[in-house]
Amino acid sequence: MFRGNEPMRHDGQHGRSGGGPRGLHHGAVDAGRYELVIFDNDGVLVDSEPLSNRALAAYLTELGHPTTYEDSLRDYMGSALHRVHDLVWERTGRRLPADFDETFHRRVFAEFRRELRPVHGVAEVLAQLTSEGVPYCVASSGHHERIRVTHRTTGLDAYIEEGRVFSAQDVGQGKPAPDLFLHAAATMGVAPERCAVVEDSPLGVRAAVAAGMDVYGFTAMTPAAQLTGATALFSAMAELPRHLGRPGS
């Protein structure tokens, strides 16, 4: 939540995103070009992809669908859980257990509470957007409960109000369909062409392009070659404001 226009402070690991200095102004965001910045959650705001994909690979393997961590990243990173069900059925003709989602979430939430951290530098970026008056929101393939657990665990709930969080639960189709990003923009009252999306998955980049939005590909974990179609690429969160200030570069 916010108090006025300033986010509540968190000391230590929970609001400082890796302990980096506050006030990193690596270029001002071009508020005249972008009226809304839409962040993916997993891998962009919180460093959850390694934890999630290890847990998913282990659970699928346990259920008799041998899956490596690399397989999980390739097939499921950036997608909603229904894609896991769909691909397993398509490949094996077998359905996952009825309680698959519930069990997976219970396991991954336990990992989050033990090990989850914010992406290094992201709290500073959110603070800068707030100070410059640039609206932002979150549009994630994850369920609302999962998203809020990650924010509470990492302290990012200090920067992101409940009304600024959008989930694949809210729309008929998740990424790579554009529905989620279009829903977020419409709810925030901003035209798609005035939005910038921050993504780290090929599915997310495809969704943003399909929505008619500029999309900035975060390559800290994803090889740049997999983010084809991105407006620009960056590997450290501190670089993002500079890119947002020079759209199309």
Side-chain angles (χ1 to χ4, degrees), residues 17-18 20-50 73-74 77-79 118-141 156 159-160 164 166 174-185 188 190-249:
S17 186
R22 289 192 172 273
L24 295 179
H25 290 269
H26 289 205
V29 176
D30 187 348
R33 166 72 172 183
Y34 296 127
E35 297 178 7
L36 178 67
V37 180
I38 305 176
F39 289 90
D40 177 40
N41 191 58
D42 295 290
V44 171
L45 295 179
V46 296
D47 194 18
S48 54
E49 292 291 8
L73 289 176
R74 181 193 65 227
M77 182 175 167
S79 67
V119 166
H120 180 71
V122 79
E124 290 79 6
V125 169
L126 297 179
Q128 179 172 342
L129 291 174
T130 299
S131 69
E132 294 181 0
V134 180
Y136 57 86
C137 66
V138 178
S140 170
S141 294
L156 293 183
Y159 300 90
I160 304 167
R164 298 186 186 188
F166 304 95
K175 305 169 189 178
D179 303 38
L180 177 56
F181 289 135
L182 292 173
H183 170 66
M188 298 292 290
V190 178
E193 64 271 17
R194 306 290 297 212
C195 298
V197 174
V198 186
E199 264 288 355
D200 73 327
S201 75
L203 294 176
V205 169
R206 286 168 54 193
V209 170
M213 301 176 180
D214 284 351
V215 54
Y216 294 86
F218 186 40
T219 62
M221 186 170 173
T222 308
Q226 294 183 18
L227 300 181
T228 304
T231 305
L233 302 172
F234 67 106
S235 61
M237 196 54 66
E239 301 169 8
L240 179 60
R242 175 175 61 83
H243 283 293
L244 293 176
R246 298 191 296 110
S249 61

Roughly how far apart are [X] [atom1] and [Y] [atom2], rounded to 0.5 Å?
X	Y	atom1	atom2	answer
His243	Phe234	NE2	CZ	7.0 Å
Leu73	Met77	CG	CE	6.5 Å
Glu199	Thr222	CD	OG1	9.0 Å
Glu49	Asp200	CD	CG	5.5 Å
Asp42	Ser141	CG	OG	8.0 Å
Phe218	Glu239	CZ	CD	8.5 Å

Tested for side-chain contact (heavy atoms from CB on, under 4.5 Å) against Tyr136, the lone hit among Leu126, Val125, Val198 is Leu126

If you compare all heavy atoms of [X] against all heavy atoms of [Y], which two are closest, and at what distance to 0.1 Å?
X	Y	answer
Ala185	Met213	CB-CE, 3.8 Å
Phe181	Ala211	CB-CB, 4.2 Å
Ala191	Cys195	O-SG, 3.4 Å
Ser140	Lys175	CA-NZ, 4.1 Å
Asp40	Leu45	O-CG, 3.5 Å
Pro192	Leu182	CG-CD2, 3.7 Å

Residues Val209, Val215; criterion side chain to side chain contact (heavy atoms under 4.5 Å, CB included); working and verdict: CA-CA 7 Å; Val209 170; Val215 54; 4.0 Å; yes

Check: [Y] and [X] side chains under 4.5 Å, non-hydrogen atoms:
X	Y	value
Thr228	Val205	no
Pro50	Met221	yes
Leu227	Pro202	yes
Leu240	Phe39	yes

Pair Asp214-Tyr34, side chain to side chain contact (heavy atoms under 4.5 Å, CB included): steps then yes or no: CA-CA 9 Å; Asp214 284 351; Tyr34 296 127; 2.5 Å; yes

